[in-house]
Amino acid sequence: MDVQEAIRSRRSIRQFRSEEVSKEHLSAVLEAVRWAPSWANTQCWQVVVVRDPERKSRLQEILGRNPAHDAMVQADVVLVLCAELGRAGFKRGEPTTAYGDWFMYDLGLANENLSLTAHSLGLGTVIVGNFDHAAVGRELGLPHSLVAVTMVPLGHPASTGTAPPRRELLQQVHLEEFGVPWSNPTTAC
Ligand SMILES: Cc1cc2nc3c(=O)[nH]c(=O)nc-3n(C[C@H](O)[C@H](O)[C@H](O)COP(=O)(O)O)c2cc1C
């Protein structure tokens with residue numbers, strides 16, 4: 001599967017079969033995180049691999065009402081992507097831009113690598129971000145320098161959904177200056 005096809009056909013998967021994720025596939029997915037780009041190559045991510053059914057249930061309880069509720073225990077693995085604070089976007093302990101800590105950005109890139117690689121291997125993922133981050137940090141014994149950012153159930157898909165619609169490029173892309181419509185060269189007459 002090439003990159004463009006992987007990008008277009010990946011979907012958030014919220015229903016999983018009970019089949020195990022092989023060691024090889026799990027390693028490939030973690031390697032994809034490892035090779036993500038990051039601010040000045042600071043690689044501020046840490047990943048906690050959760051397979052213990054009781055721990056997955058506790059994470060599910062923390063998640064509470066969420067469309068990914070079932071996925072937390074159905075998926076063979078839950079990867080919790082954590083970030084070390086004060087690294088991405090910092091130089092000598094000081095933020096270098098108005099945006100402060102860039103950990104969310106770098107974790108997003110790592111998460112996309114993870115999701116696309118999983119998809120290319122026939123596995124499913126859903127990025128879960130709406131939960132009590134401090135409670136998950138306590139459950140996983142994170143030190144104070146780390147925060148849990150996303151939980152990502154990873155497993156064999158039981159079903160794939162249809163793609164939620166995307167805004168048209170014309171609503172997102174501008175030519176030279178903001179507000180000047182860009183015309184798509186592949187569709188322009
Ligand atoms: C940062 C982030 C947080 C998300 N949090 C959740 C979540 O808490 N629960 C959930 O079911 N999906 C969550 N999603 C998945 C989005 O709902 C999904 O990516 C979006 O609807 C587009 O669908 P697609 O992934 O199938 O293309 C999250 C996605 C991102 C990028």
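Hydrogens, waters and symmetry mates are skipped; everything else that's a heavy atom, side chains included, is used. As the structure lists them, so they are numbered: ligands from 1, and atoms in each ligand from 1.
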Colleague: State whether a side-chain donor-acceptor pair under 3.5 Å links Ser38 with Trp45.
Modeller: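 The criterion, which ignores hydrogens and geometry beyond distance, is not satisfied for Trp45 and Ser38.
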Colleague: Going by the order shown, which atoms of ligand 1 are within less than 4.0 Å of some heavy atom of Asn66?
Modeller: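 Counting atoms of ligand 1 from 1, those under 4.0 Å from Asn66 are 7 (C), 8 (O), 9 (N), 10 (C), 11 (O).
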Colleague: Would you say ligand 1 has an N or O under 3.5 Å from any N or O of Val128?
Modeller: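 Such a contact does not occur with ligand 1.
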Colleague: Roughly how far, to the nearest 0.5 Å, is OG1 of Thr150 from CG of Asn111?
Modeller: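 OG1 of Thr150 is found 4.0 Å from CG of Asn111.
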Colleague: Where do Leu175 and Trp182 come nearest, in terms of heavy atoms and distance?
Modeller: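 Nearest pair, atom of Leu175 first, then Trp182: CD1-CD1, 3.9 Å.
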Colleague: Is atom 7 (C) of ligand 1 in close reach of the protein, with a heavy atom under 4.0 Å away?
Modeller: yes
Colleague: Quick one: look up the protein heavy atom nearest atom 18 (C) of ligand 1 and list residue, atom name and how far away it is.
Modeller: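 Nearest neighbour among protein heavy atoms for atom 18 (C) of ligand 1, to 0.1 Å: Ser12 OG, 3.4 Å.
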Colleague: Taking 4.0 angstrom as the limit and counting only heavy atoms of Ala68, give me the atoms of ligand 1 inside it, by number and element.
Modeller: 11 (O)
Colleague: Got more than 12 heavy atoms from elsewhere within 6.0 Å of CG, Asp132?
Modeller: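 Yes, because the 6.0 Å sphere around CG of Asp132 holds more than 12 heavy atoms from other groups.
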Colleague: Side chain or backbone of Asn130 under 4.0 Å from ligand 1, or both, or neither, by non-hydrogen atoms?
Modeller: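 For Asn130, backbone and side-chain atoms both sit under 4.0 Å from ligand 1.
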Colleague: Are any of the side-chain nitrogens in Glu31 or Arg34 under 4.0 Å away from the carboxylate oxygens of its partner?
Modeller: yes
Colleague: Measuring from the heavy atoms of Arg166, does anything fall under 4.0 Å of ligand 1?
Modeller: yes
Colleague: Just wondering, more than 12 heavy atoms not from Glu168 lying within 6.0 Å of its CD?
Modeller: no
Colleague: Distance check, rounded to the nearest 0.5 Å: Met104 atom CE versus Cys44 atom SG?
Modeller: 11.0 Å
Colleague: Taking atom CD as the centre, does Gln4 end up with more than 12 heavy-atom neighbours from other residues, nucleotides or ligands that are less than 6.0 angstrom away?
Modeller: no
Colleague: Considering non-hydrogen atoms of the protein only, which is the closest contact for atom 3 (C) of ligand 1, and what is the distance?
Modeller: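 Protein heavy atom at minimum distance: Gly129 N, 3.8 Å.
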Colleague: Which residue and non-hydrogen atom of the protein lie closest to atom 4 (C) of ligand 1, and at what distance in Å?
Modeller: Ile127 O, 3.3 Å
Colleague: Determine whether the side chain, the backbone, both or neither of Val126 has a heavy atom under 4.0 Å from any heavy atom of ligand 1.
Modeller: side chain
Colleague: Write out the residue and atom name of the closest protein heavy atom to atom 21 (O) of ligand 1, then the distance separating them to 0.1 Å.
Modeller: Pro164 CG, 4.1 Å
Colleague: I'd like the name of whichever of Arg10, Glu112, Arg11, Arg14 reaches closest to atom 16 (C) of ligand 1 through any heavy atom.
Modeller: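 Result: the heavy atom closest to atom 16 (C) of ligand 1 is in Arg14.
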